[in-house]
Structure formats: structure tokens, C-alpha cells
Peer 1: 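Take this structure, written in C-alpha cells, and hold onto it; I'll ask about it next.
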Amino acid sequence: MLKNIQLPLQAVLLKFEGWFDNPFGPEWNPLRHLGALSFFFFWVVAVSGVYVYIFFETSVSGAFQSVESLTHDQPYIGGIMRSFHRYASDAMVVTTFIHLAREFVMDRYRGVRWFTWFTGVPIIWLLYASGIGGYWLVWDELAQYLMIASAEWLDWLSIFGEPLANNFLTPEAFKDRMFSLLLFLHIAIPLFLLIACFIHVVKISRPRINPPKGLAIGTLIMLTVLSLVKPAVSHGPANLDKVVVNVELDWFYAIAYPLFDMWGAGALWLIALTLSIFIACLPWMPKLTFQEAAEVDNLNCNGCSRCYADCPFGAVTMQPRTDGRPYPRIAQVDPDICTSCGICVGSCPTATPFRSQEMLITGIDLPHFRLTKLRADTDASLDRLPDVLPEGAPRIIIYGCDHGIDVDKIESANVVVTSLPCIGMLPPSFIDYILMKEKADGVLLTGCREGDCYHRFGIHWTEQRLSGERDPYLRKRVPKERVWTCWGAVTDNAKLKQQIDDFSTHLKNLPTSQEAAE
Amino acid sequence: MKRILNILGQGLAYLAFALVIGYFSSQPTYHPFEAGQALVKLSISHAGQRKQACTERAVDHQRNIPTTARKLMDCPRERHPVTIKLMIDGKAVFDATSKPSGLSNDGRSLFYHRFPVKSGTHEIKVQLFEAEISQGAHYKFAQNIELKAGDIAVVGFNPTAKAIFFK
């Protein structure tokens with residue numbers, strides 16, 4: 001049922017995302033940095049907010065004038081800062097909601113990711129409270145409309161001794177003290193929002209909270225141009241003796257207000273709470289169960305901490321050793337947050353196929369997909385390759401992953417496939433094992449799209465291991481020209497086929513090992 | 001050439017984003033209130049009468065209580081709900097009873113309602129019942145008022161003057 005909803009949406013999203021890959025490149029693709037962009041917009045709002053606050057007068061009579069003066073008397077910076085404050089807030093709503101939708105569609109909110117998803121729900125509430133609170137402070141007609149409607153909405157709960165809306169009955173009823181409270185809320189709630197954002201990412205290892213520099217610069221330029229072309233301006237001053245007839249609503253924040261006018265406070269509370277609870281409970285509808293967690297073999301773990309450094313979810317920790325072995329620490333896996341991706345196996349220096357034993361024992365291994373099985377699968381795939389192929393077609397082995405390009409139907413006379421839970425599980429020694437023994441002419445690694453690994457760092461670590469930047473790296477004796485990568489999503493089969501053709505042609509043109517020796 | 005195309009592509013993406021943000025941050029215009037109308041707001045916070053009258057405490061009972069805690073009168077806290085009826089131009093537009101606030105039902109009953117009306121002269125009549133309706137209205141108010149388009153008029157209760165007011 002869930003897959004029936006997710007898969008068609010995934011196809012649309014991946015298509016759309018693919019369009020962005022061309023101009024931005026995988027590294028800058030904004031759709032892969034939505035969370036980081038939201039953080040970035042928060043900082044833009046915070047910095048511009050500090051500037052606006054310097055000139056803001058905290059009083060009923062002075063607020064409107066001070067904002068007007070900021071906008072019109074110093075448009076070169078004050079007007080831009082005010083516009084930054086508004087448009088970055090709006091952009092934050094957009095990136096936050098696309099981020100939420102994307103994580104749902106890509107099924108990255110269940111299992112160990114539940115905490116991150118769950119803590120995202122209060123962020124939405126705090127984001128809205130922060131944004132709406134900002135509009136109140138301008139104390140123009142829009143502020144009047146939003147303030148009274150917000151007060152009436154809150155009053156429906158009957159939790160205040162006096163209706164909040166009474167503070168806005170007449171111009172005399174609205175006091176400077178109330179205004180100070182509104183300002184305090186507009187500073188305090190965003191601070192809580194910031195804390196909530198940090199809680200949101202606290203369980204993620206190496207969270208991306210800053211977008212790439214190029215994307216940040218591009219976004220800033222976009223905000224600047226928008227602020228110059230269409231500066232944020234106020235409505236007429238608020239007048240509590242008069243009703244507000246027309247408002248230019250900020251639909252990103254105020255979309256619920258027309259619903260409030262139509263259906264009333266009770267219905268809106270019902271919608272808001274039901275929707276929030278529904279979204280918060282999605283990780284358990286149904287619950288995602290992973291295979292058994294990775295296991296540490298005490299006798300083979302030397303406490304090198306590579307698995308600790310590579311685990312994308314911080315499931316591996318290093319603990320003091322108590323078994324008397326001559327190493328100070330030992331890896332320990334928290335089964336509750338292990339996704340069984342196998343990246344730790346790929347990082348373990350003991351994970352090598354170059355052993356004569358039938359059972360390969362590694363420092364850390366996956367119970368459901370042991371290194372022994374990976375070697376057996378590799379050998380079985382290689383055995384399917386004929387010794388000699390017509391027209392000198394090169395023999396290629398492809399390592400795929402369960403979340404990237406679908407490699408199941410790609411096998412042909414000269415191409416065999418082995419699939420892993422994540423490409424990051426592949427120890428580079430396997431490539432050495434294949435090429436040095438000339439079991440195949442080339443090795444092609446595939447996985448998810450670049451910068452979008454389902455297990456977060458599988459592709460990144462693999463690239464670094466291949467290029468010798470990260471332990472365990474691919475040995476220098478391995479001919480790098482015989483190892484290619486092709487990163488793509490489930491919908492990118494055509495790309496893989498093209499890559500295989502190109503790789504075949506490339507391999508054909510390479511000298512054989514004999515020729516190279518001569 | 002590819003680099004230029006990439007920059008152009010990025011520019012287009014940023015432009016699309018800016019257009020979405022720029023437009024929906026203020027458009028389309030929303031009309032929360034019909035032009036040519038005025039608004040009557042009923043906002044009253046008023047405590048109903050106590051459900052039970054205060055009674056004098058028996059002397060024997062007082063003896064068992066420390067001197068500092070002695071009270072001459074025993075006043076149960078619970079209050080009656082308050083009922084308000086509002087008629088505009090002879091038509092009953094509001095007739096509601098509100099429970100006293102507070103866990104012991106001893107606080108004020110709260111009313112806050114809005115009534116859009118056409119601009120012009122209107123006859124406003126308000127009745128407030130502090131206890132059962134059968135006892136009759138404890139406070140009454142009637143006045144003809146002139147409201148211009150967009151005006152807000154408030155019907156409230158002044159606890160000092162002990163009267164319903166209109167502003």
C-alpha cells in the first residue's frame with residue numbers, strides 16, 4: 001500500500017530532480033540540500049532580524065513608523081534587510097515542506113530515522129509561530145488581521161483567564177506591555193526553533209546543516225535581486241476601530257487564516273492537530289524493520305575505529321576493551337539504530353576476500369549478509385562469465401546496491417551482477433581480488449544518485465576509498481582504468497546501460513595484462 | 001559552452017524560486033471582510049452569582065480551628081453559569097450560556113463573539129443573566145447605534161459601573 005503511493009511519486013521526484021542535476025551538478029543540486037537550505041535561510045532570517053531589531057521601536061505607537069522608516073529612509077540596506085527577513089522566512093517554509101515531502105517519498109523517515117522525522121513536526125509548529133509572530137510586530141493592517149485571528153484561534157482553547165482577543169478590542173485596550181510580550185515571543189520562539197532544529201539532527205552522524213558554498217551564494221544573490229525588485233512593504237497602519245477589508249496575505253505562513261474564517265477555530269484546531277499527529281505517526285504506519293544489526297567479532301576487532309568513523313547513523317561507538325586483548329578499544333553496535341547497511345563491513349581492514357578459509361571472519365559483519373556470502377556471490381557471478389567471449393567483448397562485473405539502479409535485469413553474456421545492501425559495504429580489496437586474478441576485465445560500481453545515497457555515505461566513502469583518500473583504500477597495484485562507477489536512482493537504468501556500453505568500448509581499447517607486460 | 005548553459009539553467013531555477021516566493025508572499029489579495037459592512041463585537045467576562053449563599057459558621061466549629069484560620073462565613077465557591085442574549089434589529093443573533101471558568105467553577109464566564117452587520121442604524125439589545133433565566137435578566141441594555149462601513153463596535157460589561165456598555 002505504502003509503496004504504491006511512494007513509487008509513482010518517487011518516479012516523478014527523481015525525474016524532476018534529474019533536471020536539476022544538469023545545471024547544478026549532483027553536488028549543488030538544491031533538492032539534495034533541502035534541510036541544509038532551511039538551516040541557511042534560518043541564519044539569513046536571524047542576521048537580518050538582528051539588523052531590523054536595532055531600528056525597531058517596541059511600542060504600539062512607534063512600531064509601524066519605525067518599520068516604515070527602516071523600509072523607506074534607508075532602502076539601500078534597511079529595506080533589503082527587511083525583505084531578506086521576509087523572503088528568507090518564506091523560502092524556509094518552501095524548503096522545509098519539500099524536505100518533508102521528499103523524505104516521505106524516498107522512504108527515509110521510518111526505522112532508525114523515526115526520531116529525525118518525529119522531531120521535525122514541532123519544527124513546523126515553531127516555524128509557523130515564528131513567522132506569524134513577525135508579522136504582528138509590523139502593526140499594520142495585516143498585523144491587525146493576523147493578530148486578532150490568532151488570538152481568537154487560541155481563545156477557542158479556553159486556557160486563558162481572559163480572552164486574548166480582548167487585548168485588541170479597542171485602540172486603548174492594546175498596551176505597550178502586550179507589544180513587548182509579542183516582541184519577546186518573536187525572539188524566544190525562533191530560539192526554540194533553533195534548539196528544535198539541533199535536536200532534529202542530533203542523532204544523525206555528520207548532518208549536513210550548511211549548503212555547498214556555491215548554492216549558498218546563488219541563493220543569496222536570488223534573495224538580493226528579489227528584495228530589490230519587489231521590496232517587502234507594509235500595509236496601512238493598524239486601526240482597531242476599523243475592520244480590515246483587504247490583506248495581501250503571505251500565503252506561506254497565513255494559508256490557514258482563510259480556513260479559520262470559513263470553518264472556525266474548532267475545525268482548524270482539529271485539522272492542525274490531526275494532521276500533526278498523523279505526520280508524527282507516519283514512521284510506524286507501517287514500521288520499517290531492518291535486518292539484524294551488524295555484529296562485532298571480539299577476536300578480530302582491533303579497535304581501529306574505521307567502522308565508527310564511517311557509520312552513517314552513529315550506531316557504532318568505541319568502548320574500552322575488557323577482554324585482555326592488546327588494543328585499548330573495541331567497536332560496539334547499538335542494534336536500535338543500526339540500519340544493516342554494511343558500510344562498517346566495507347570499512348573494516350579485516351574484510352578481505354584473499355583468504356583461503358571457507359568462512360571469512362571479519363572484525364564486524366552483517367549476520368544476514370556476511371562477507372563470506374559476498375565472496376560466494378562474487379565467485380558465483382564470475383563463474384557465469386565465459387572464459388572467452390566473441391569479438392573480444394570484455395568481461396564486466398557490476399556491483400549494485402539495493403536502493404540504487406535496478407541491476408537485476410542487466411546481466412548479459414559479458415556482464416554479471418552482484419548486489420549488496422549498500423555499495424559502501426564493498427571492501428576495495430574485492431576489486432583487487434577480481435582484477436589481480438583476472439577474473440574479469442573490468443569492475444563497475446553502481447549505487448544511488450551522487451549525493452543521495454539511501455544510507456547517506458555509501459557513495460561518498462566508496463569514492464574516497466577508490467581514490468585513496470580514505471581507509472581502506474584501493475591498492476595502488478589495481479589498474480584504476482578498469483574500475484568505473486555509475487551513480488543513479490532506480491529510474492536511471494538507461495544511464496547504466498549506456499555506461500556499460502562505454503565501459504566495454506573503453507576496456508576493449510585497453511591493452512591486456514600480457515600486452516602491458518611486454 | 002556547457003558552463004554557460006549550466007549558469008543559465010541555474011539562473012532559471014533561481015528565477016522560478018524567486019517568482020514563487022515573491023508572488024505568494026503577498027498575492028493573491030484576500031478579503032477577510034465584506035466591504036460595506038461593519039462589525040459588532042460582544043466581549044464580556046462576567047462572574048455569575050454564587051450557587052449557594054454564604055452561611056455563618058457555627059461557634060462550635062470555629063473552636064476546633066486555629067485562631068488565624070477562623071472564618072466567620074462559609075462561602076461555597078461554585079458560581080452560576082452566565083447567559084447572554086443579544087438582539088440586533090429585533091432579531092436574536094446570540095443566546096448562549098457560558099460555564100464559569102476555573103476548576104472549581106468559580107471564575108468568570110467568558111463571551112467573545114463577532115457579528116458582521118450592514119452599515120447604517122441598528123437597534124442593539126443585550127440581556128445578561130447572572131443565574132437561572134427564570135430569575136429574569138440582571139442587566140439590560142438597549143440602544144440605537146449608527147455604524148459606518150468598516151466600523152467596529154464593542155458590547156462589553158463595565159464591572160465598576162456594573163453595567164453593559166457599548167463603544
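Order of the sequence lines sets the chain letters (A, B, ...), proteins ahead of strands, with each chain counted from 1. Only a predicted model underlies this, so the values are computations on that prediction, with no experimental measurement involved.
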Peer 1: Between A:Tyr253 and A:Tyr128, is the ring-ring contact (aromatic ring centres under 6.0 Å, His included) condition met? List the steps.
Peer 2: CA-CA 6 Å; A:Tyr253 282 97; A:Tyr128 271 85; 5.5 Å; yes
Peer 1: At a 4.5 Å cut-off on heavy atoms, which part of A:Trp19 comes close to chain B: side chain, backbone, both, or neither?
Peer 2: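 No part of A:Trp19 comes within 4.5 Å of chain B.
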Peer 1: Determine whether A:Trp139 and A:Phe174 satisfy the following criterion, ring-ring contact (aromatic ring centres under 6.0 Å, His included), listing intermediate values before the conclusion.
Peer 2: CA-CA 11 Å; A:Trp139 204 231; A:Phe174 189 32; 4.5 Å; yes
Peer 1: Give the minimum heavy-atom separation between A:Glu248 and B:Ser26, together with the two atoms involved.
Peer 2: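 Where A:Glu248 meets B:Ser26 most closely, the heavy atoms are CB-O, 3.1 Å.
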Peer 1: Over 60° means perpendicular and under 30° means parallel, so classify the ring planes of A:Trp153 and A:Trp269, tilted if in between.
Peer 2: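 Parallel.
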Peer 1: For the interface with chain A, which of B:Ala13, B:Gly156, B:Pro32 has the highest count of heavy-atom pairs at distances below 4.5 Å?
Peer 2: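 If we count pairs closer than 4.5 Å to chain A, B:Pro32 comes out on top.
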Peer 1: Does a side-chain N-to-carboxylate-O contact under 4.0 Å join A:Asp21 and A:Arg32?
Peer 2: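 So A:Asp21 pairs with A:Arg32 through a salt bridge.
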Peer 1: With chain B as the partner, which of A:Pro163, A:Gly218, A:Ala165 has the greatest number of non-hydrogen pairs under 4.5 Å?
Peer 2: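 Going by pairs under 4.5 Å, I would pick A:Gly218.
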Peer 1: Given heavy-atom pairs under 4.5 angstrom as the criterion, report whether the side chain, backbone, both or neither of B:Lys2 touches chain A.
Peer 2: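 Contact with chain A involves no heavy atom of B:Lys2 at all.
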Peer 1: Take atom CD of B:Glu34 as the centre, draw a 6.0 Å sphere, and report whether it contains more than 12 heavy atoms from other residues, nucleotides or ligands.
Peer 2: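 For B:Glu34, atom CD is not crowded (no more than 12 foreign heavy atoms under 6.0 Å).
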Peer 1: Given heavy-atom pairs under 4.5 angstrom as the criterion, report whether the side chain, backbone, both or neither of B:Arg3 touches chain A.
Peer 2: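 For B:Arg3, no heavy atom lies under 4.5 Å from chain A.
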Peer 1: How far apart are the closest heavy atoms of A:His235 and A:Phe64, and which atoms are they?
Peer 2: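 Shortest heavy-atom separation between A:His235 and A:Phe64 comes out as O-CE1, 3.2 Å.
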Peer 1: If I measure from the heavy atoms of chain B, does A:Tyr87 come under 4.5 Å with its side chain, its backbone, both, or neither?
Peer 2: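 It is both, since atoms from each part get that close.
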Peer 1: Side chain, backbone, both or neither: which part of A:Leu226 has an atom under 4.5 Å from a heavy atom of chain B?
Peer 2: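 Interface part for A:Leu226: side chain.
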Peer 1: Heavy-atom distance under 4.5 Å to chain B: side chain of A:Ser158, backbone, both or neither?
Peer 2: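 Answer is neither: A:Ser158 stays 4.5 Å or more from chain B.
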Peer 1: Which one, B:Ala35, B:Gly22, B:Ser101, leads in non-hydrogen pairs under 4.5 Å with chain A?
Peer 2: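 When all of B:Ala35, B:Gly22, B:Ser101 are compared, B:Gly22 has the most.
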Peer 1: For chain A, find which of B:Thr29, B:Leu5, B:Leu19 contributes the most heavy-atom pairs closer than 4.5 angstrom.
Peer 2: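 Heavy-atom pairs under 4.5 Å are most numerous for B:Thr29.
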Peer 1: Can you confirm whether B:Glu146 sits close enough to B:His122 that some side-chain heavy atom of one is under 4.5 Å from a side-chain heavy atom of the other?
Peer 2: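 Side-chain contact under 4.5 Å: no.
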Peer 1: Between A:Thr219, A:Asp155, A:Ile221, A:Val225, which residue shows the highest count of heavy-atom pairs closer than 4.5 Å to chain B?
Peer 2: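 Of the candidates given, the most pairs with chain B belong to A:Thr219.
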Peer 1: Between A:Leu215 and chain B, which part of the residue has a heavy atom less than 4.5 Å away: side chain, backbone, both or neither?
Peer 2: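 When you check distances to chain B, atoms from both the backbone and side chain of A:Leu215 fall under 4.5 Å.
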Peer 1: How close do A:Phe40 and A:Ala216 get, counting heavy atoms only, and between which atoms?
Peer 2: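 Heavy-atom minimum between the residues: CZ-O, 3.6 Å.
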Peer 1: For B:Ser119 and B:Gly36, work out which heavy atoms get closest and say how close.
Peer 2: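 Where B:Ser119 meets B:Gly36 most closely, the heavy atoms are OG-O, 3.3 Å.
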Peer 1: Counting heavy-atom pairs under 4.5 Å with chain B, which one of A:Leu169, A:Asp261, A:Val93 comes out on top?
Peer 2: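 Option with the greatest count: A:Leu169.
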Peer 1: Using non-hydrogen atoms only, which part of B:Pro28 is less than 4.5 Å away from chain A: side chain, backbone, both, or neither?
Peer 2: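 Both backbone and side chain.
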Peer 1: With a 4.5 Å cut-off on heavy-atom pairs, point out which of B:Ser43, B:Gly102, B:Ala38, B:Gly9 contacts chain A the most.
Peer 2: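 The option with the most such pairs is B:Ser43.
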Peer 1: Taking atom NZ as the centre, does B:Lys99 end up with more than 12 heavy-atom neighbours from other residues, nucleotides or ligands that are less than 6.0 angstrom away?
Peer 2: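 Result for NZ/B:Lys99: open.
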Peer 1: Which residue pairs pass the side chain to side chain donor-acceptor pair (under 3.5 Å) test with at least one member in residues 10-21 of chain B, sequence neighbours excluded?
Peer 2: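 Listed by first then second residue: nothing to list.
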Peer 1: Quick check on the interface: out of B:Gln27, B:Lys148, B:Lys41, B:Gln37, who has the most heavy-atom pairs with chain A under 4.5 Å?
Peer 2: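 Heavy-atom pair counts peak at B:Gln27.
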Peer 1: With no hydrogens and no angle check, do the side chains of B:Glu130 and B:His80 hold a donor and an acceptor under 3.5 Å apart?
Peer 2: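 B:Glu130 vs B:His80: no donor-acceptor pair found between side chains.
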Peer 1: Quick one: what part of B:Ala153 sits under 4.5 Å from any heavy atom of chain A, side chain, backbone, both or neither?
Peer 2: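 B:Ala153 has no heavy atom closer than 4.5 Å to chain A.
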Peer 1: Look at atom CG of B:Leu103 and say whether more than 12 heavy atoms of other residues, nucleotides or ligands are closer to it than 6.0 Å.
Peer 2: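 Incorrect, the count does not exceed 12.
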Peer 1: With a 4.5 angstrom heavy-atom cut-off, could you sort out which part of A:Phe160 is near chain B: side chain, backbone, both or neither?
Peer 2: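 Only the backbone of A:Phe160 comes within 4.5 Å of chain B.
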Peer 1: What part of B:Ile21 gets within 4.5 angstrom of chain A, counting heavy atoms only: side chain, backbone, both, or neither?
Peer 2: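 It is both, since atoms from each part get that close.
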Peer 1: For A:Glu141, which atoms come within 4.5 Å of any heavy atom of chain B: side chain, backbone, both, or neither?
Peer 2: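 Looking at A:Glu141, nothing touches chain B.
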Peer 1: Which region of A:Asp90, side chain (C-beta onward) or backbone (N, CA, C, O), has a non-hydrogen atom less than 4.5 Å from a non-hydrogen atom of chain B, or is it both or neither?
Peer 2: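 Interface part for A:Asp90: both.
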Peer 1: I'd like to verify something: which residue of A:Ser227, A:Ala91, A:Ser83, A:Ala149 has the highest number of heavy-atom pairs under 4.5 Å with chain B?
Peer 2: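 Heavy-atom pair counts peak at A:Ala91.
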Peer 1: Check whether A:Val94 gets within reach of chain B through its side chain, its backbone, both or neither, counting any heavy atom under 4.5 Å.
Peer 2: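 Side chain only.
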Peer 1: Can you tell which part of A:Lys230 gets under 4.5 Å to a heavy atom of chain B, answering side chain, backbone, both or neither?
Peer 2: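 The side chain, not the backbone.
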